[in-house]
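For reference, the structure discussed in these notes is given below.
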Amino acid sequence: MGLDLLLGLQWGDEGKGKIVDVLTKNYDIIARFQGGPNAGHTLKFDGIKHVLHTIPSGIFHPNAQNLVGNGVVIDPVIFQQELENLDKFEIDYSKSLLISRKAHLILPTHRLLDAASEKAKGNKKIGSTLKGIGPTYMDKTGRNGIRIGDLEFPDWKSKYRELANKHEELISFYQVDLTYDLHALESDFFAAVDFIVDKLRFVDSESVLADAQSDQKKILGEGAQGSLLDIDFGTYPFVTSSNTTAAGACTGLGVAPNKIKDVFGIFKAYTTRVGSGPFPTELFDEVGEKIAKVGHEFGATTGRPRRCGWLDLVALKYTVQINGVTQLMMMKGDVLSGIDTLKICTQYEYRGELISHLPFSLDEEFINPKYIEMAGWTEDITNCTSYNELPSQLKEYVTFIENFLETPVRLVSVGPDRKQTIFR
Ligand code: GDP
Ligand code: IMO
Ligand code: MG
């Protein structure tokens, strides 16, 4: 028995949280494999919207086990808030949520370093979520990090002090204006650490997953961010600091590549991006504004407006290939209702040459996206419950995408609610 993965194929916010929640009934374990509280995964059911940052999106299903893998970075303060938000829903997370001992901790000074680094970059800033993600992964690969498992040993606070002192020196190195009260931040941090030590189960998660596979349990790996934010294959340096692609599930959970079965690649019917960095199909006109408005395109973690643009099949072809996607899931088709003519990017003109692959640089000065046009649809599709009910133009849009990507579109989402999900 292996595991399936669900991951974003664009710049994040594709709707991963919604679909993991929808699929959880088919799985025993939902395992997050990378990222941290930079993620904001939205779920909606029974008229209530939930936003999760670190907790896997299977948490609302009483029979599912949820696991935060070793590839995830955890901010105890944000984690505690998330857990407390669950209290009113009577979720027994001390049983249904397991945390890898090898997951790294985000310290208050990691957040400060993130802010200092962004300030020092000025208008070249990454536009990070300021959650300390980059500095925490830097300490992980620099072999200085503190892990969840360290909290079970008495000397972790001296490790903490040593690292936090070093961070303070680094912060002053940036020579930026940053005011903070580390004592206050630390008292919240230590209180949150005590909370999670008290409430949660820490496990050797790679062994838990190996045993689960031997027991024929069904496992779904939940990605965060999207493939175009991958540290290796994304639009570097405007990326996050982890491998958001399928390979990240192997390192972030400790599962072997040959155990991966289905890879569900999720994408919006258009494209969005939050933060800085190139975006070839970005719209700066009233169509872009309409998509942003109808799609409520504001970051689930930071509230920042998301940049919107046409669907980019050159980029999607690349991310389908990198991830070995076996099934596609198209989200937010409903948002495109009422746009007369839809454009899809199928080629780039890159430094004067027509190309069909994702080149080294997506910078505006080198890329001119080439589009095909398709007829749009006017119908409100948010109440459709079967594929046949959808307008013929939308079905043609889907057929074009799956032919181009040589991968079937198995799911079309027509609204944020669990129920607004059409399987084919
Ligand atoms: P994630 O980070 O991939 O989990 O995605 P986010 O939660 O950050 O962003 C997706 C947003 O789109 C959320 O506000 C969802 O509630 C919403 N959403 C998901 N699917 C659909 C859909 O099919 N139609 C519409 N209109 N909204 C959707
Ligand atoms: P989910 O899981 C969209 C973006 C940030 C910034 C860049 C680096 O909800 O899809 P970081 O804080 O990771 O150092 O920021 O990555 N980013 C996301 N964009 N969705 C996310 O997560 C993101 N997580 C990070 O905006 O451009
Ligand atoms: Mg999100």
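Scope of the values below: all heavy atoms of this structure, side chains included, with no hydrogens, waters or symmetry mates. Since the structure is predicted, the reported quantities are computational estimates derived from the model, not experimental observations.
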- May I ask you to check whether over 12 heavy atoms, not counting those of Phe360, lie within 6.0 Å of atom CZ? no

- Does the side chain of Tyr270 reach to within under 4.5 Å of the side chain of Leu342, using non-hydrogen atoms? no

- Query: Taking the side chain from Lys317 and the backbone from Phe404, do they hold a donor-acceptor pair closer than 3.5 Å?
  - Reply: yes

- Message: I want to check something: taking the side chain as every heavy atom from C-beta on, are Ile19 and Phe264 in contact at a cut-off of under 4.5 Å?
- Response: no

- Message: Is a donor from one side chain sitting under 3.5 angstrom from an acceptor on the other, for Thr245 and Asp230?
- Response: yes

- Taking Glu118 for the side chain and Ile126 for the main chain, is one N or O donor matched with an acceptor at less than 3.5 Å? yes

- Message: Within a 6.0 Å radius of atom NZ on Lys49, are there more than 12 heavy atoms belonging to other residues, nucleotides or ligands?
- Response: no

- Message: Under a plain distance cut-off of 3.5 Å, with no hydrogens placed, do Asn243 and Thr251 share a side-chain donor-acceptor pair?
- Response: no

- Test: Lys157 cationic atom under 6.0 Å from Phe190 six-membered ring centre, within 45° of axis: yes

- Query: Does the salt bridge (Lys or Arg N to Asp or Glu O under 4.0 Å) test come out yes or no for Asp21 and Arg418, once each step is laid out?
  - Reply: CA-CA 8 Å; Asp21 171 60; Arg418 234 185 219 174; 2.6 Å; yes

- Please check if any side-chain donor atom of Ser337 sits under 3.5 Å from a side-chain acceptor atom of Trp377, or the reverse. yes

- Message: Atom CE of residue position Met138 - does it have more than 12 heavy atoms of other residues, nucleotides or ligands inside 6.0 Å?
- Response: no

- Message: Please tell me whether Glu168 and Tyr180 have a donor and an acceptor in their side chains that are separated by less than 3.5 angstrom.
- Response: yes

- If the plane angle is over 60° it's perpendicular, under 30° parallel, otherwise tilted; pick one for Tyr318 and Phe233. perpendicular

- Kindly determine whether Thr244 and Gln225 satisfy side-chain hydrogen bond (donor to acceptor under 3.5 Å, both in side chains), including the steps that lead there. CA-CA 6 Å; Thr244 59; Gln225 290 80 55; over 6 Å; no

- Note on the structure: Residues Tyr348 and Pro280: closest non-hydrogen pair is OH-CG, 3.9 Å

- Task: Give every residue pair that meets the ring-ring contact (aromatic ring centres under 6.0 Å, His included) criterion with at least one member in residues 29-57, sequence neighbours excluded.
- Result: Phe45-His50, Phe45-Phe60, His50-Phe60, His50-Phe89

- Flag, side chain of Thr319 to backbone of Leu9, donor-acceptor distance under 3.5 Å: yes

- Query: Short question: side chain of Arg424, backbone of Val409 - any donor-acceptor pair under 3.5 Å?
  - Reply: yes

- Message: Using salt bridge (Lys or Arg N to Asp or Glu O under 4.0 Å), reason through Asp75 and Lys131 one step at a time and then give a plain yes or no.
- Response: CA-CA 8 Å; Asp75 182 329; Lys131 303 294 178 201; over 6 Å; no

- Task: Answer yes or no: is there a side-chain heavy-atom contact under 4.5 Å between Thr326 and Asp4?
- Result: no

- Query: Taking atom NZ of Lys218 as the centre, does the number of heavy atoms from other residues, nucleotides or ligands within less than 6.0 Å exceed 12?
  - Reply: yes

Could you go through residues 394-401 and list every donor-acceptor pair under 3.5 Å that involves a side-chain atom there, pairing it with any protein atom two or more places apart or in another chain?
{"unit_1": "Lys395", "atom_1": "NZ", "unit_2": "Asn388", "atom_2": "O", "d": "3.1"}
{"unit_1": "Tyr397", "atom_1": "OH", "unit_2": "Ala269", "atom_2": "O", "d": "2.6"}
{"unit_1": "Thr399", "atom_1": "OG1", "unit_2": "Lys395", "atom_2": "O", "d": "2.8"}

- Those residues at least two apart in sequence (or on a different chain) that pass salt bridge (charged side-chain N to carboxylate O under 4.0 Å, His left out) with Arg101 are Glu152, Asp204

- Message: With salt bridge (Lys or Arg N to Asp or Glu O under 4.0 Å) as the criterion, how do Glu84 and Lys199 come out once you've worked through the C-alpha distance, each side chain's angles and the decisive distance to 0.1 Å?
- Response: CA-CA 11 Å; Glu84 286 174 348; Lys199 301 274 183 197; over 6 Å; no

